[in-house]
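For reference, the structure discussed in these notes is given below.
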Amino acid sequence: MAKELVFGHQSPDTDAICAAIEYAYLQNKLGYDVEAVALGTPNEETKFVLDYFKQDAPRVISEASSEVESVMLVDHNEPQQSVSDIDKLTVTHVVDHHRIADFNTEKPVFYRAEPVGCVSTVIFEMFNEKNVEIPEKLAGLMLSAIISDTLLLKSPTTTDVDKKAVEALAKIANVDYEEYGIKMLKAGTNVDARSDKDLIDGDAKSFTMGGKAVRIDQINTVDVNDVLKRKADLLKAMEEEAKAEGYDLFLVIATNVLDSNSEAIVYGEPKDAVEKAFNQTISDDTIALPGVVSRKKQVVPQLTDVLD
């Protein structure tokens with residue numbers, strides 16, 4: 001059986017990197033020859049997780065067709081979020097928890113998607129369905145990914161399935177998930193140490209909405225003012241990247257992980273679509289997003305409805 005690579009999306013978050021490691025482990029147990037890789041370096045939160053559970057980071061790739069003919073995708077399906085040469089590769093498996101958009105294959109594909117808070121929740125289910133034991137270290141990675149994606153089960157994307165998975169995984173990993181989760185989330189909120197480019201790219205995803213190229217980045221913090229005080233420099237970086245990459249609209253969302261509110265810096269057009277989507281007014285390139293913590297559930301669908 002030919003080797004395959006498995007990876008999450010570009011600008012990987014904790015779920016994208018951990019899910020690749022988890023799914024590679026499962027697939028290798030099932031007889032495949034799979035290596036987990038990443039499409040970017042781990043962010044500070046993910047580094048905390050990998051260090052805590054003594055897990056090596058997967059190697060970073062920029063293209064895959066020079067190594068393999070087939071790949072497996074986790075935590076994404078949209079080609080603009082995937083490896084640069086995805087059009088030259090055969091996708092054999094997808095495990096995801098996002099919308100399905102602009103995705104097609106020439107051959108039949110295994111596709112598993114569920115409307116849960118985290119793709120690691122889906123992979124946890126798959127381990128159980130296949131009766132594959134979850135090692136303590138891997139349980140820690142799964143737990144961390146779910147905590148990250150659901151903001152410690154506070155995000156509106158959180159389901160009962162996620163909650164049950166967290167409880168079970170915390171026992172296997174032998175951690176107090178609430179105490180650990182707060183430490184983990186705070187580890188990723190030190191924005192002062194990050195460059196402007198890293199801030200606008202660190203957890204950014206690209207979407208096509210109504211023919212518009214839309215870029216949406218999210219920054220977790222314990223004080224949104226830590227991000228907003230750098231707005232002028234961030235807007236400049238957003239403008240440069242938008243012109244270089246062809247983005248029509250660029251949002252950088254600063255989310256307070258403690259009070260579950262956000263504010264977004266907006267560059268590009270149509271700004272009126274952003275105002276309509278969130279029923280708020282943009283003032284000085286900033287829009288308040290009270291109660292918004294989930295890009296997947298509270299940002300992308302609303303913008304898509306307006307732009308489409």
Side-chain angles (χ1 to χ4, degrees), residues 6-20 22-23 26 72-82 91-105 108-130 134 141-170 177 181 185 203-210 214 216 218 220 251 253 255 257 260 262 277-278 289 291-308:
V6 56
F7 45 80
H9 51 76
Q10 296 176 25
S11 303
D13 55 7
T14 298
D15 192 22
I17 287 183
C18 290
E22 300 154 14
Y23 197 55
L26 176 62
M72 302 180 183
L73 310 183
V74 293
D75 203 30
H76 76 294
N77 66 85
E78 299 185 50
Q80 69 272 19
Q81 298 175 9
S82 198
V91 177
T92 62
H93 296 68
V94 180
V95 184
D96 199 8
H97 69 129
H98 297 98
R99 70 175 193 172
I100 303 172
D102 303 320
F103 179 80
N104 59 77
T105 62
V109 60
F110 174 89
Y111 202 110
R112 175 80 173 257
E114 294 184 29
V116 293
C118 178
V119 78
S120 288
T121 299
V122 183
I123 297 174
F124 168 73
E125 292 179 308
M126 296 174 75
F127 267 79
N128 292 333
E129 291 163 3
K130 297 294 185 181
I134 303 172
L141 300 185
M142 290 182 179
L143 174 68
S144 302
I146 301 171
I147 289 172
S148 176
D149 262 18
T150 65
L151 292 180
L152 199 48
L153 305 178
K154 293 179 181 179
S155 169
T157 61
T158 307
T159 67
D160 287 340
V161 181
D162 298 297
K163 293 176 183 177
K164 291 177 181 177
V166 161
E167 292 172 359
L169 290 165
Y177 75 83
L185 291 174
D203 186 14
K205 291 184 179 181
S206 298
F207 303 89
T208 301
M209 303 177 184
V214 181
I216 304 174
Q218 188 166 21
N220 288 340
L251 276 69
I253 302 169
T255 298
V257 297
S260 300
S262 298
F278 303 111
L289 302 175
V292 170
V293 296
S294 170
R295 170 174 48 200
K296 179 180 72 173
K297 193 167 185 176
Q298 296 174 292
V299 179
V300 172
Q302 289 77 359
L303 269 179
T304 301
D305 286 347
V306 174
L307 289 171
D308 281 352

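Note that the structure is predicted; figures quoted are calculated from it, not measured. Keep in mind that the numbers below use all heavy atoms, side chains included, and drop hydrogens, waters and symmetry copies.
Inter-residue side-chain proximity for V161 and E125 is flagged as met; some heavy-atom pair is nearer than 4.5 Å.
Scanning for side-chain contact (heavy atoms from CB on, under 4.5 Å) contacts around A20 gives A36, V74, with sequence neighbours left out. When the side-chain contact (heavy atoms from CB on, under 4.5 Å) test is applied to T158, the partners found at least two apart in sequence or on another chain are T150, L153, S155, D162, K163. For F103, the ring-ring contact (aromatic ring centres under 6.0 Å, His included) partners two or more places apart in sequence, or in a different chain, are Y111. V306 pairs by the side-chain contact (heavy atoms from CB on, under 4.5 Å) definition with A273, K276, A277, not counting sequence neighbours. Residues passing the ring-ring contact (aromatic ring centres under 6.0 Å, His included) test with H93 are Y32, F110, sequence neighbours excluded. Contacts of R99 classified as salt bridge (charged side-chain N to carboxylate O under 4.0 Å, His left out), with partners at least two apart in sequence or in another chain: E78.
At a threshold of 4.0 Å, the pair D149-K296 does not count as salt-bridged, since none of the basic side-chain nitrogens sits closer than that to a carboxylate oxygen.
Of the possible donor and acceptor atoms, none in the side chain of Q81 sits under 3.5 Å from a partner among the backbone N and O of Q10. Side-chain atoms of D308 come within 3.5 Å of backbone atoms of G210 as a donor-acceptor pair (strictly under, hydrogens ignored).
In this structure, G291 and Q298 approach most closely via the heavy-atom pair O-NE2, 3.0 Å. Listed here is the closest heavy atom pair of D96 and D75: OD1-C, 3.2 Å.
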